[in-house]
Amino acid sequence: MSRDVVLSVHDLTKTYTGKKPFVAVDHISFSMHEGEILGLLGPNGAGKTTTIQMLLSTLKPTSGTITYFGKDFYTHRSETLQHVAFASTYIQLPHRLTILENLNVYGMLYNLSPAERKHRIQKFLTFFGVWDQRNKQMSDLSAGQKTRVMLAKAFLAHPRIALLDEPTASLDPDIAHEVRTFVLEQRREYNVSMLFTSHNMDEVTEVCDRVMFLQHGKIVADDTPDNLARSISTATVQLMVGDGMKRTIEYAKKHKLAHTIENRVMNISLDEQHIAELLSGLAKVGVEYTQISINKPSLETYFLYLAKQGRVVKKENT
Ligand SMILES: Nc1ncnc2c1ncn2[C@@H]1O[C@H](COP(=O)(O)OP(=O)(O)O)[C@@H](O)[C@H]1O
Ligand SMILES: [Mg+2]
């Protein structure tokens, strides 16, 4: 993969003015490389959509700079936007036009030849299973169908960068899976770079090379999904103890392991790398268990951890 930087954001800030000015995006800086799929995660209100809107210039930053392909966005706005596509579950295409009319207009705006327009529109609509609906007005489509048309539109004109704001939010799980397949295929074929916001941690783990967590408008983490998950190295071992509950508790206390007991099920939290040691230690003192499950830390664990920290910070401030 080429590592050219295609987008670089420096100290970007958005303060919504009004009676009570509100800092929605707070001095964020990051870069995105060619062919990279970068996840932007964060709870509701974290500033994800505000960030994407500034990257599209539909919202004016309060301060900071945005550089695409090495050029300042504000002085090279229209030429840059030729290469930057956008899709969002929350934004509608003109609803009186049919799917075909919408995509044709868009293809013309982006100078696709008639033959290429025809070819790509059919290819994408077929992929998303909405080719048969092509002469229907947008207003007659389900939320999921609208989202798929929006994605077809975003990738129609060979974008170099796609900004996708919760592209799978209104989709059934099997169609959300299709979208992920599509996104990965676009990257493989055309080396498209993408900024992808989502609430779904498993999805982000599957699709994104790197993830940034936004919280109260600030980037609080920026790493690969694996590294983030691993940075919380606590795993949970759940044992259904057949014989030796007392010895299990003694063992946990002796080794200062956090644990809870419910009926005959013991949950032990410990560093992932100490799991093997725990199991052989219990075997040595003759503990027998009838069931075992090990929950490894995931991106979700990390997200919950951050969210919890956020709440603590908030409480202290108010
Ligand atoms: N036009 C606006 N005026 C004032 N506040 C806004 C406006 N749009 C969004 N906000 C606030 O900015 C914060 C970030 O919103 P948003 O970027 O939509 O977050 P996200 O997409 O992460 O859910 C929220 O607290 C939201 O209420
Ligand atoms: Mg949003």
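All ligand and atom numbering here is 1-based and tracks the order in the structure.
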Review point. Is any N or O atom of F22, backbone or side chain, closer than 3.5 Å to an N or O atom of ligand 1?
Key: no

Check your understanding: With a 4.0 Å cut-off, would you call D226 and R210 a salt bridge?
Key -> no

**Study point:** Residues that K136 engages under side-chain hydrogen bond (donor to acceptor under 3.5 Å, both in side chains), provided they are two or more places apart
**Key:** Q133

**Study point:** Side-chain cluster (under 4.5 Å, hydrophobic types only) that M240 belongs to, other residues
**Key:** V265

**Study point:** Side chains of F124 and L103 in contact at under 4.5 Å (non-hydrogen atoms)
**Key:** no

Review point. Please state which protein non-hydrogen atom is closest to atom 14 (C) of ligand 1 and give its distance, to 0.1 Å?
Key: G45 O, 3.3 Å

Check your understanding: Between the main-chain N or O of H33 and the side-chain N or O of S193, is there a donor-acceptor pair closer than 3.5 Å?
Key -> yes

Study note, to complete from the structure: On a heavy-atom basis, the closest approach of D26 and H216 is CB-O, 4.3 Å

Point to revise | Check: A24 N/O within less than 3.5 Å of ligand 1 N/O | key: no

Check your understanding: Is G47 in contact with ligand 1, taking contact as a heavy-atom separation below 4.0 Å?
Key -> yes

Practice item. Number the atoms of ligand 1 from 1 as they appear, then name those within less than 4.0 Å of a heavy atom of A46, with their elements. Key: 19 (O), 20 (P), 22 (O)

Exercise for review: Name the option, out of T49, I52, L40, L214, that contains the heavy atom nearest to atom 21 (O) of ligand 1.
Suggested key: T49

Practice item. Give a yes-or-no answer on whether the side chains of Y74 and T65 include a donor-acceptor pair shorter than 3.5 Å. Key: no

Check your understanding: Which of the atoms in ligand 1, numbered in the order shown and given with their element, are less than 4.0 Å from a heavy-atom of T50?
Key -> 14 (C), 15 (O), 16 (P), 17 (O)

Exercise for review: Could you pull out all residues at least two apart from R247 that satisfy side-chain hydrogen bond (donor to acceptor under 3.5 Å, both in side chains)?
Suggested key: none

**Study point:** 4.0 Å protein heavy-atom contact status of atom 27 (O) of ligand 1, strictly under
**Key:** no

Exercise for review: Report yes or no: is the cationic atom of R120 (NZ for Lys, CZ for Arg) closer than 6.0 Å to the six-membered ring centre of Y106, at no more than 45° off its axis?
Suggested key: no

Exercise for review: Could you list which atoms of ligand 1 come closer than 4.0 Å to a heavy atom of N44?
Suggested key: 23 (O)

Review point. Please state which protein non-hydrogen atom is closest to atom 9 (C) of ligand 1 and give its distance, to 0.1 Å?
Key: Y16 CE1, 3.4 Å

Point to revise | Heteroatoms of the protein, restricted to N/O/S, which lie under 2.8 Å from the Mg ion (ligand 2) | key: T49 OG1

Point to revise | Check: E116/H158 side-chain N/O donor and acceptor closer than 3.5 Å | key: yes

**Study point:** Short side-chain donor-acceptor distance under 3.5 Å, N267 and T236
**Key:** no

